[in-house]
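Take a look at the structure set out below.
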Protein chains: 4
Amino acid sequence: MSVTKESKARTKVPRAVREPQMLDAAVAVFAERGYHGASMDEIAAGAGVTKPMVYSYFGSKEDLYLACIDHAGTRLMEAVDEAGREERDPERQLWLRLLAFFRFVGEHRHEWRVLGREAAATGGPASEQVARARRRVVQLVGRQIELNARARGAEVVPGGEPEILAQAMVGAGESLADWWLDHPEETAEAMAGRLMNVLWMGLGDLVEGRLWSPAAEYS
Amino acid sequence: MSVTKESKARTKVPRAVREPQMLDAAVAVFAERGYHGASMDEIAAGAGVTKPMVYSYFGSKEDLYLACIDHAGTRLMEAVDEAGREERDPERQLWLRLLAFFRFVGEHRHEWRVLGREAAATGGPASEQVARARRRVVQLVGRQIELNARARGAEVVPGGEPEILAQAMVGAGESLADWWLDHPEETAEAMAGRLMNVLWMGLGDLVEGRLWSPAAEYS
Amino acid sequence: MSVTKESKARTKVPRAVREPQMLDAAVAVFAERGYHGASMDEIAAGAGVTKPMVYSYFGSKEDLYLACIDHAGTRLMEAVDEAGREERDPERQLWLRLLAFFRFVGEHRHEWRVLGREAAATGGPASEQVARARRRVVQLVGRQIELNARARGAEVVPGGEPEILAQAMVGAGESLADWWLDHPEETAEAMAGRLMNVLWMGLGDLVEGRLWSPAAEYS
Amino acid sequence: MSVTKESKARTKVPRAVREPQMLDAAVAVFAERGYHGASMDEIAAGAGVTKPMVYSYFGSKEDLYLACIDHAGTRLMEAVDEAGREERDPERQLWLRLLAFFRFVGEHRHEWRVLGREAAATGGPASEQVARARRRVVQLVGRQIELNARARGAEVVPGGEPEILAQAMVGAGESLADWWLDHPEETAEAMAGRLMNVLWMGLGDLVEGRLWSPAAEYS
DNA sequence: AATGAATGAGGTTTCATTCAT
DNA sequence: GATGAATGAAACCTCATTCAT
């Protein structure tokens with residue numbers, strides 16, 4: 001008399017399971033289409049639920065977008081933060097974190113995309129949230145730079161506040177990441193190395209043959 | 001006695017005048033809202049005409065977008081190209097062009113925006129056009145780097161092909177430009193100087209106090 | 001106390017009910033205005049729903065049109081086919097089917113209209129579908145003619161392939177049907193009789209006083 | 001000093017030349033797209049003039065349409081009328097006029113199309129005009145039938161008023177004409193012969209081998 | 001006589017959002 | 001908790017029609 005269980009197995013999935021599914025689907029769609037181009041229909045379909053479910057969980061399109069920003073920002077911060085936690089040498093710590101950044105970008109393209117500048121074009125109050133999340137990343141990089149400066153004995157970084165340099169660094173990183181997408185034969189290590197070279201040694205040193213290389217200083 | 005001219009003079013403006021008006025309005029709206037977020041109604045209103053006029057002149061939203069890309073890309077290229085045409089010293093040429101770039105960005109925020117990465121999210125054949133325009137910019141920067149490397153005696157730039165470095169450089173520039181928008185108290189010279197510092201001397205030099213400065217070398 | 005049921009009962013009608021409602025409304029509007037002249041607004045209003053519902057059910061105007069063609073074509077075929085299924089005498093079978101055709105036209109003017117030549121003017125892939133549906137009707141008539149010819153001992157119908165004669169027959173039928181619309185005092189039997197006369201006996205016989213009449217042969 | 005004449009040769013074309021050009025273009029577009037589907041832009045372009053010219057000549061889209069109907073109707077009437085003017089034998093006269101009809105259709109597909117049933121679907125006051133034009137054709141055919149009946153000694157045509165038979169005849173003719181478009185290997189003579197067979201001899205005679213043939217009776 | 005420029009109204013289609021079950 | 005059904009608003013685009021030159 002009992003019906004087989006699989007006939008209608010889509011009922012009563014706990015929130016803890018449904019929510020991440022939706023977030024993932026939303027991140028993927030937002031990354032691919034942008035905020036305005038994304039449709040709640042596609043997001044719901046991608047998560048395997050119906051639209052009213054999405055609304056019941058996240059309230060509105062904008063709120064869902066904010067949740068995506070939070071989600072992606074937090075995960076990126078965690079990955080980068082954890083990467084150099086044990087390391088005491090600031091230069092090596094920077095390297096480890098740059099590497100973690102590129103690995104994150106490589107493995108979570110979608111997440112990084114929604115943090116990118118494209119997202120800021122929304123215009124509504126979501127722009128603020130995106131800007132805040134991005135600023136957190138930039139600040140983290142800024143602190144790292146400051147640390148390195150202090151380690152070398154400089155009280156402040158000359159030539160610009162650390163945050164400005166960090167801004168440039170993050171932009172360079174994102175740009176390189178984009179280039180990476182079209183050249184998947186490169187490794188995260190190679191990409192991180194390039195960024196380290198550009199920023200750490202400067203073009204000036206590069207053209208005179210002074211190369212920064214992880215192998216030269218760390219086993 | 002005479003009314004201000006702008007109040008309601010919307011009759012019979014020749015095409016050569018209307019078209020740039022529309023292009024400007026379109027660039028402004030696309031920059032502010034992104035491709036998907038922009039509405040033809042708003043663009044038309046911004047140009048002081050009705051929608052059908054815009055369609056009669058540009059055919060479709062996508063075609064209008066392409067025209068904007070072309071317009072902005074060409075103007076940027078011209079500005080940067082002309083800046084260093086007379087200069088023979090590659091380093092100073094790079095500086096002049098960086099400066100021209102920032103001046104262009106400062107004076108044509110909208111134009112630069114539509115060339116940014118956001119534009120690539122359209123998905124249609126417009127993405128190709130945007131990518132092409134951006135690649136032209138990157139290639140120009142790449143050639144500049146190569147020139148500088150050769151001037152210093154290096155056959156090739158170590159640490160990565162010039163195009164990759166250019167990619168990072170453009171990204172850093174765009175990121176700095178964004179930061180600039182929130183800090184308008186800075187001058188284009190200061191911004192260009194910062195980018196020059198980051199890229200030319202390298203963080204490594206910066207933290208040891210070696211500063212590149214235009215004032216030091218050029219009167 | 002109770003209000004009439006039809007006033008505003010627009011909530012939650014299941015798909016199996018709404019779809020035919022929409023089809024009927026669409027057939028009516030397409031018949032009256034033609035494909036280009038019909039507006040989705042009017043169709044939706046006719047079905048008592050809003051436009052998005054129509055799109056959600058049928059996808060696009062052209063798809064809705066195709067569905068109408070299918071619907072009408074199938075119903076006409078069924079009516080005509082069923083009419084003579086039990087009859088063994090070919091002549092009487094033809095008569096029964098002609099009668100069924102006119103009855104269908106009389107009771108479903110709209111359906112017949114959308115199958116008419118007007119439909120072919122769409123230009124898109126819908127024209128193909130309309131042509132196919134019409135061809136099915138013509139083929140059915142053609143087979144009927146062939147049957148009659150064989151029953152009278154003729155191997156082939158002289159004077160033209162059956163399909164061509166069927167083509168003329170269908171055209172004559174449609175034209176008579178149109179005339180009928182302006183002269184509703186006539187019965188379907190009278191109309192079918194006229195067509196039978198024209199086609200069966202030929203003008204040549206008619207002018208010599210040889211009349212075919214159902215009453216003369218069938219009680 | 002004098003400019004070459006060809007540079008701007010589109011000024012001052014007399015009305016007697018322009019008007020037929022426009023009518024022809026309009027007939028072509030209306031025939032291909034139907035009333036609603038036709039655009040004044042396409043018509044103007046097809047005539048090689050600008051839209052305001054069309055409006056100055058014909059007033060409105062509907063008026064232009066009416067003019068097309070008139071034009072086509074008149075030309076068809078003239079062609080058919082002239083065909084049998086000298087002929088005294090009614091049967092041969094019918095044959096000559098049927099032939100003229102098919103020749104007209106073959107050579108002026110567009111004109112015939114706008115007289116077809118498709119045109120009646122406009123809904124506005126134009127429908128009346130179309131109906132009137134069509135009725136003129138049907139009446140002409142009707143008179144022809146009556147003439148033939150009288151020639152054979154019948155006072156009235158039994159089995160239906162001549163106009164009804166004419167209606168069927170015209171419908172059959174139009175349908176055959178449509179079929180003809182897909183089978184251009186047939187000649188106008190063959191088509192007219194088929195229609196003559198269907199209508200004159202009747203299926204009843206055909207299936208018994210009694211064929212009407214122009215060669216048998218007329219050289 | 002002729003036209004480039006311009007528009008208001010209306011077309012199809014999509015989308016975020018909400019009921020009623 | 002979950003969903004099919006439904007909608008209002010707004011998007012892109014077209015078209016018949018009219019001025020001003």
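Within every chain, numbering begins at 1; the chains are lettered A, B, ... in the order of the sequence lines, protein sequences first and strands thereafter.
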Taking the side chain of B:Ser39 as its heavy atoms from C-beta onward, which of F:dA11, F:dT7, F:dA6 lies nearest to it? F:dA11

Please say whether the positively charged group of C:Arg15, taken as NZ for Lys or CZ for Arg, lies over the ring of C:Tyr57, i.e. under 6.0 angstrom from the six-membered ring centre and within 45 degrees of the axis. yes

CD1 of A:Ile43 to SG of A:Cys68: how many Å apart, nearest 0.5 Å? 7.0 Å

Whole angstrom value for the distance that separates P of E:dG10 from NE2 of D:His36: 14 Å

Rounded to whole Å, how long is the line connecting atom OH of C:Tyr57 with atom P of F:dT7? 10 Å

A:Arg18 CZ to F:dT3 P, straight-line distance once rounded to whole Å: 7 Å

Aromatic ring pairing C:Phe30/C:Tyr35, orientation class (parallel under 30°, perpendicular over 60°, tilted between): parallel

Checking all strands, does B:Ala44 fall into the base, sugar-phosphate, or nothing category for heavy-atom contacts under 4.0 angstrom? nothing

Pairing of DNA chain F as dot-bracket, 5' to 3': ( ) intra-strand, [ ] crossing, | other strand, . unpaired, with Watson-Crick or G-U pairs under 3.5 Å? .||||||||||||||||||||

Name the nucleic acid region contacted by B:Ser60, choosing base, sugar-phosphate or nothing; use a 4.0 angstrom heavy-atom cut-off, strictly under. sugar-phosphate

Please report, rounded to the nearest Å, how far the P atom of E:dA2 is from the CZ atom of D:Arg15. 10 Å

Can you find a donor-acceptor N/O pair under 3.5 angstrom joining the side chain of C:Lys51 to the base of E:dT13? yes

Answer with base, sugar-phosphate or nothing: what part of the nucleic acid does C:Phe58 contact at a heavy-atom distance below 4.0 Å? nothing

note: D:Met40, atom CE; E:dT3, atom P; distance rounded to Å ~ 15 Å

Test applied, side chain to side chain contact (heavy atoms under 4.5 Å, CB included); reference residue, B:Asp24; option that passes from B:Glu19, B:His71, B:His110: B:His71

Nearest whole angstrom, please: distance from the P of F:dC15 to the CZ of D:Arg33. 10 Å

Check the distance between F:dA20's C1' and D:Tyr55's OH and give it to me in whole angstrom. 18 Å

Within-4.5 Å side-chain heavy-atom neighbours: C:Arg134 and C:Leu115: no

Nearest listed nucleotide, side chain of B:Pro52, among E:dA16, E:dT7, E:dC15: E:dT7

Do the non-hydrogen side-chain atoms of C:Met22 and C:Met53 ever get within less than 4.5 Å of each other? yes

Whole angstrom is fine here: how far is it from CE in D:Met53 over to C1' in F:dT21? 14 Å

If we only count heavy atoms from C-beta on, is the C:Leu64 to C:Tyr55 side-chain gap below 4.5 Å? no

Which part of the nucleic acid, if any, lies within contact of C:Ala38, taking any heavy atom under 4.0 Å across all strands shown: a base, the sugar-phosphate backbone alone, or nothing? sugar-phosphate

